[in-house]
Every structure is written in structure tokens, then in C-alpha cells.
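Reviewing the structure listed below.
When a residue number appears, it is its place in the shown sequence, counting from 1.
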Amino acid sequence: TKAFVSQRTGNFSLADSLFKEAIKTRIKTEDLQQIATDYNDYGNFYLDSLNDYENAKRCYLQSISYGKKLEDSVVLARASINIGEIYLEQKNYKEALNYSTKTLQYLNVYASKNNMQAPTAQQLNLIDAKELVLVIMKNKIETLLAFFLNTKNQQYISSCLQNALV
């Protein structure tokens, strides 16, 4: 929490040190769930406060590594959608869309190889972490809209609308 306070007050150097210290301490406890969460939080710090995409992605990948050890679909999905967010901000829409699909797959939502296909409302209702569903769908819709605006390909706007109506 000290790291979050430092982040919110704009003391990014101290926040960075505190995040590193927290992770180092947490690793000693071998609490994999909390380590994965700490790495995700650290990635959010890099992304939201410093716009440091490379270090944010590195932290999210660490979170995914721990999520795989835990076989925790929510940990995997949170880190994965955050990587997708990086790609969305970098206007790498293909990768952003891939990560939206990968996130849905982590949550056991069938996603076809066609990344544009909308999941069903029934599939999304099975996910307990509703805030995650909102972020996934928001990112997917934004990505499809950006694809349409860049290419004028009607398939993208049609898919965008199908996903928005879920």
C-alpha cells in the first residue's frame, strides 16, 4: 500500500522502489497468488504512471508465469488483458485483438480462430470477475473500431457492433 500511496502522490521513484521491495519480500513467502498480483500491480504502475510499455509487459509476463503455476484463470486473464491494453495504446491492433481472444480463452470462453467473433452473453455470464469482462469487451470493441477506421473494411464495424451488443 505504501507503493500505491507513493504512486498516487507522484513520487514515482519511491513507488518503484517499494514495488520492487514488496515483490522481493513476497517471493520469500512463496505465496504465488500474491506474487502474481504484485507483478500485475507493478505492471499497472509502469503502464499507468510511467507509460513504460516494456517494463509493464515484463511485469505482466511474470504475473502470467505465476498464474500458470497456480493454474489460476483470473490471474492469467488480468495479466493478459493488460498486455492487450499495451498493444491497444501502441495502436498494434492485431496483437490487441489476439490478447482479447487469449484472455477469453484463459477464462474458458470459447473463442474461434476468428478473433472478430463475439462471445455469447451466456459464456460471459459464467465469468465471476465481471469487471474483467467489461475490460475485455471494451478493449475488443475499441480494437475492432480502430481496425474499421484504419481500413474502412465493413467486416470490422459489423464485428464491432456484434461484440458491443453482447
Taking the side chain as everything from C-beta on, heavy atoms only, tell me whether [X] gets closer than 4.5 Å to [Y].
X: Ile141; Y: Leu161; answer: no
X: Tyr60; Y: Asn40; answer: yes
X: Ser17; Y: Lys20; answer: no
X: Ile83; Y: Ile64; answer: yes

Neighbour count >12 (heavy atoms, 6.0 Å) for atom NZ, Lys28: no
When rounded to the nearest 0.5 angstrom, what distance separates [atom1] in [X] from [atom2] in [Y]?
X: Leu14; Y: Thr9; atom1: CG; atom2: OG1; answer: 7.5 Å
X: Asn55; Y: Phe45; atom1: CG; atom2: CZ; answer: 10.0 Å
X: Gln7; Y: Asp41; atom1: CD; atom2: CG; answer: 9.0 Å
X: Leu104; Y: Leu124; atom1: CG; atom2: CG; answer: 6.5 Å
X: Leu18; Y: Ser6; atom1: CG; atom2: OG; answer: 5.0 Å
X: Asn44; Y: Ser49; atom1: CG; atom2: OG; answer: 9.5 Å

Between [X] and [Y], is there a shared hydrophobic cluster once you connect ILVMFWY residues whose side-chain heavy atoms come closer than 4.5 Å?
X: Leu145; Y: Tyr99; value: no
X: Val109; Y: Leu134; value: no
X: Val5; Y: Leu50; value: no
X: Tyr87; Y: Leu97; value: no
X: Leu47; Y: Leu132; value: no

Is the positively charged end of Lys69 above the ring of Tyr66, judged by distance under 6.0 angstrom from the centroid and angle within 45° of the axis? yes
Quick one: does [X]'s side chain have a donor or acceptor within less than 3.5 Å of a partner on [Y]'s backbone?
X: Lys152; Y: Leu149; answer: yes
X: Thr151; Y: Phe147; answer: yes
X: Glu71; Y: Lys68; answer: no
X: Thr37; Y: Gln33; answer: yes
X: Asn150; Y: Ala146; answer: yes
X: Ser159; Y: Tyr156; answer: no
X: Ser80; Y: Lys102; answer: no
X: Thr29; Y: Thr25; answer: no
X: Lys140; Y: Ala164; answer: no
X: Thr103; Y: Ile81; answer: yes

Minimum heavy-atom separation for [X] and [Y], please, with both atom names.
X: Ile27; Y: Ile35; answer: CA-CD1, 3.6 Å
X: Val166; Y: Thr120; answer: CG1-C, 3.9 Å
X: Val75; Y: Gly67; answer: CG1-CA, 3.6 Å
X: Leu88; Y: Ala96; answer: N-CB, 3.8 Å
X: Asn163; Y: Pro119; answer: OD1-CD, 3.6 Å
X: Gly43; Y: Ala56; answer: O-CB, 3.4 Å

What I want to check is whether the side chains of [X] and [Y] have a donor and an acceptor closer together than 3.5 Å.
X: Tyr42; Y: Asp16; answer: yes
X: Tyr46; Y: Asn51; answer: no
X: Thr101; Y: Asn115; answer: yes
X: Tyr53; Y: Glu89; answer: yes

Pair Glu142 + Lys138, salt bridge at N-O below 4.0 Å: yes
Any ion pair linking Arg78 and Glu131 (charged N to carboxylate O, less than 4.0 Å)? yes
Mind running side chain to side chain contact (heavy atoms under 4.5 Å, CB included) on Ile136 and Leu107 for me, showing each step along the way? CA-CA 11 Å; Ile136 295 165; Leu107 295 169; 3.7 Å; yes
